[in-house]
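Comments concern the structure below.
Model, not experiment: these values are computed from the prediction.
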Amino acid sequence: MSRPTGNTPFPQRARSLAPRQYGQPVTQAPEPIPVKAWVVTVAGDDLEVAGDATAWTSRAVRVRFVDKFGHLDSAWLWAGAVSRR
């Protein structure tokens, strides 16, 4: 699942987990938490990004980051793909 992010070409947008994948309940971060994360694009490229965790469940983390085109993006990622900076 992907969301519009400025002028980032569609195949380069981050692939995000669907709600049925990341599950419930969702905990919102009171303050963004600096993280490193592996993002997979729609085209299948994997990129390590620096970003902020803004929410999480027991299985996944929502990460906000700036993509390689300079546009703000966010994606739900599997928890194993995210670590604190």
Hey, what do you get for CG (Leu77) to CZ (Arg59), rounding to the nearest 0.5 Å? 14.5 Å
Using the rule that two of Ile, Leu, Val, Met, Phe, Trp, Tyr join whenever any of their side-chain heavy atoms come within less than 4.5 Å, decide whether Val40 and Tyr22 are in one cluster. no
Please tell me whether Trp76 and Trp78 are part of a single hydrophobic cluster in this structure, the criterion being side-chain heavy atoms less than 4.5 Å apart. yes
More than 12 non-hydrogen atoms from neighbouring residues, nucleotides or ligands closer than 6.0 Å to CZ on Arg20, yes or no? no
I'd like to know if the side chain of Arg64 reaches the main chain of Asp52, judged simply by a donor and an acceptor atom lying under 3.5 Å from each other, with no hydrogens or angles considered. no
Backbone of Gly51 reached by a side-chain donor or acceptor of Arg85 within 3.5 Å: yes
Under a 4.5 Å cut-off applied to non-hydrogen side-chain atoms, are Leu47 and Thr41 in contact? yes
Does a side-chain heavy-atom distance below 4.5 Å link Gln12 with Phe69? yes
How about Val39 and Phe65: do any of their side-chain heavy atoms sit closer than 4.5 Å? yes
How far apart are the closest heavy atoms of Gly23 and Thr57, and which atoms are they? O-CG2, 3.3 Å
Ala29 versus Ala53, closest heavy-atom pair with distance: CB-O, 3.9 Å
Do you know the tightest heavy-atom contact between Val61 and Ala79? CG2-CA, 4.2 Å
Is it true that, when you exclude Gln28 itself, more than 12 heavy atoms of the residues, nucleotides or ligands shown sit nearer than 6.0 Å to its CD? yes
Rounding to 0.5 Å, atoms CD (Glu48) and OG (Ser83) come to a distance of 7.0 Å
Are Ile33 and Val63 co-members of a hydrophobic cluster defined by side-chain heavy atoms under 4.5 Å apart? yes
Classify the side-chain pair Arg62/Thr54 by whether it contains a donor and acceptor separated by less than 3.5 Å. yes
